[in-house]
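Below you'll find the structure, written out as structure tokens, and then a few comments.
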Amino acid sequence: MQLATWNVNSLAVRLPQLLDWLAAHPVDALVLQETKLTDDKFPRAEIEAAGYRVVFHGQKTYNGVALLSRSEATDVVRNIPGLADEQARVIAGTVDGVRVVGGYFPNGQAPDSEKFVYKMGWLQALQDWLRSELARHTQLVLMGDFNIAPEDRDVYDPVAWAGQIHCTDQERAHFRALLDLGLVDAFRLFEQPPKSWSWWDYRNLAFRKNQGLRIDHILVSQALQPRVSACEIDKAPRKNERPSDHAPVIVTLV
DNA sequence: ATGTCGGACAGGGTCCGA
């Protein structure tokens with residue numbers, strides 16, 4: 001079984017690439033972020049024609065998430081229960097016995113901004129909700145664009161980025177709090193190439209220079225960890241002529 | 001490199017967000 005996450009930065013633009021990618025990587029479930037589509041504009045027919053069921057939660061211009069799966073997702077949840085949030089950032093469902101939670105975590109803009117305050121509150125609400133989700137679903141995967149680089153080795157220039165957004169102590173503490181719930185960073189279960197990133201700024205020839213961050217993650221519950229046999233970032237779509245700024249991350253379960 | 005994308009609004013160029 002394979003699960004994946006990909007911030008597509010506009011599904012309207014990236015749909016052909018998504019369909020190509022699914023043809024090459026017929027994963028069992030995939031969560032998308034930054035679809036940037038209201039639900040009435042979601043390309044359901046095209047995705048179903050590719051052999052996937054799909055549930056989604058979108059809004060105009062910003063954010064927007066989706067869960068694609070070969071088997072039907074059940075017990076679907078949109079956004080964090082109990083959190084009043086106008087931003088479409090979470091979709092969850094149970095696929096083949098695995099609770100799949102897809103998230104587009106807030107960017108946070110800058111550590112002294114109002115958006116950072118929102119990010120902190122959102123992260124706390126996510127943590128509180130996941131604690132109860134884990135109590136109900138021992139087999140759980142949390143994946144998406146976390147907008148957090150958990151450690152310095154996840155940053156191409158940790159000195160320049162020290163204390164900057166994605167790298168603050170507060171964000172990293174929230175990431176560790178998620179691990180403390182009983183989740184494991186699947187990517188770090190395996191030896192990985194040094195300088196492995198999942199996002200490269202569109203500017204400054206960042207991809208060509210491999211100047212990026214690892215901010216897209218797949219966390220698995222402890223019950224699921226023994227099933228994890230591989231986890232990798234697929235850089236290939238980032239080489240497209242008109243790419244998303246993020247690359248997909250894939251986890252393989254036996 | 002305040003360096004590029006994508007969407008909205010508007011029907012071009014400018015703004016916001018990332």
Side-chain angles (χ1 to χ4, degrees), chain A residues 5-21 31-43 46-47 56-66 79 85-91 102-123 126 143-150 154-168 170-172 174-175 197-217 233-249:
Chain A
T5 176
W6 192 9
N7 180 326
V8 292
N9 187 18
S10 170
L11 185 54
V13 172
R14 233 64 68 187
L15 179 61
Q17 287 179 49
L18 171 66
L19 297 175
D20 287 348
W21 191 83
V31 290
L32 303 178
Q33 302 88 40
E34 287 205 84
T35 55
K36 297 185 178 178
L37 290 170
T38 49
D39 291 349
D40 59 302
K41 295 204 168 72
F42 194 91
E46 291 87 340
I47 287 169
F56 40 87
H57 179 42
Q59 66 182 94
K60 197 160 119 178
T61 313
Y62 306 118
N63 311 314
V65 287
N79 271 3
D85 192 357
E86 292 178 3
Q87 305 187 24
R89 295 189 172 277
V90 169
I91 191 145
Y104 175 48
F105 292 34
N107 175 289
Q109 194 173 53
D112 60 353
S113 68
E114 274 304 310
K115 287 173 184 169
F116 190 83
V117 176
Y118 166 75
K119 183 175 194 171
M120 293 296 110
W122 190 94
L123 284 164
L126 178 72
M143 55 185 176
D145 176 358
F146 283 50
N147 273 314
I148 300 172
D154 301 310
V155 181
Y156 74 94
D157 186 347
V159 174
W161 280 79
Q164 301 297 308
I165 196 66
H166 309 310
C167 302
T168 64
Q170 298 103 298
E171 291 165 283
R172 287 176 170 181
H174 270 292
F175 187 89
W197 324 125
S198 68
W199 170 85
W200 301 258
D201 200 302
Y202 280 126
R203 297 169 287 189
N204 311 331
L205 306 172
F207 184 69
R208 203 189 300 182
K209 295 189 281 193
N210 197 30
Q211 297 179 340
L213 307 177
R214 190 176 72 97
I215 55 177
D216 300 85
H217 306 294
I233 296 167
D234 180 13
K235 284 174 74 169
R238 190 62 176 79
K239 298 170 185 166
N240 192 284
E241 197 174 315
R242 198 180 177 188
S244 167
D245 42 355
H246 294 255
V249 188

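Order of the sequence lines sets the chain letters (A, B, ...), proteins ahead of strands, with each chain counted from 1.
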ask   = Can you find a pair of side-chain heavy atoms, one from A/D245 and one from A/D201, that are under 4.5 Å apart?
value = no
From CD of A/Q211 across to P of B/dT4 the rounded distance in Å is 15 Å
Nearest heavy-atom contact between A/V90 and A/W122 is CG2-CZ2, 3.6 Å
Dot-bracket assigned to DNA chain B with the 3.5 Å Watson-Crick/G-U criterion, [ ] for crossing and | for other-strand pairs, is ...((((((...))))))
inquiry  = I want to check something: taking the side chain as every heavy atom from C-beta on, are A/T168 and A/F116 in contact at a cut-off of under 4.5 Å?
reply    = yes
A/F146 CZ to B/dA18 C1', in whole Å, measures 18 Å
Could you work out the separation of B/dC15 and B/dA10 based on their P atoms and round it to a whole Å?
-> 15 Å
Within the structure provided, determine whether A/P237 and A/P248 are in side-chain contact (heavy-atom separation under 4.5 Å). yes
Of A/R203 and A/D145, the one whose nearest nucleotide on DNA chain B sits closer to the 5' end is A/R203
note: A/N63, atom CG; B/dC16, atom P; distance rounded to Å ~ 18 Å
Of A/E34 and A/L205, the one whose nearest nucleotide on DNA chain B sits closer to the 5' end is A/L205
Whole-Å distance, A/N107 CG to B/dC16 P, equals 16 Å
Determine the interatomic distance between C1' on B/dG12 and the same-named atom on B/dG7; round to the nearest Å.
-> 15 Å
Self-check item: Donor + acceptor pair across side chains of A/D234, A/W21 (<3.5 Å)
Solution: yes
A/E171 and A/I165, any side-chain heavy atoms less than 4.5 Å apart:
yes
Hey, what are the protein-to-nucleotides 5-8 of chain B N/O distances that come in under 3.5 Å?
unit_1, atom_1, unit_2, atom_2, d
B/dG6, OP1, A/R14, NH1, 2.8
B/dG6, OP1, A/R14, NH2, 3.0
B/dG6, OP2, A/R242, NE, 3.1
B/dG6, OP2, A/R242, NH2, 3.3
B/dG6, O3', A/S10, OG, 3.2
B/dG7, OP1, A/S10, OG, 2.2

In whole angstroms, the gap separating C1' of B/dA18 from CZ of A/R89 amounts to 11 Å
Rounded to whole Å, the NZ-C1' distance (A/K119 to B/dG17) equals 14 Å
Could you tell me if the side chain of A/K235 sits less than 4.5 Å from the side chain of A/F207, heavy atoms only?
yes
Side chain to side chain donor-acceptor pair (under 3.5 Å) filter on A/T38, not counting sequence neighbours, yields A/D40
Between CD of A/Q109 and P of B/dT2 the distance, given in whole Å, is 17 Å
d(A/Y62 OH, A/Q87 CD) to nearest 0.5 Å is 10.0 Å
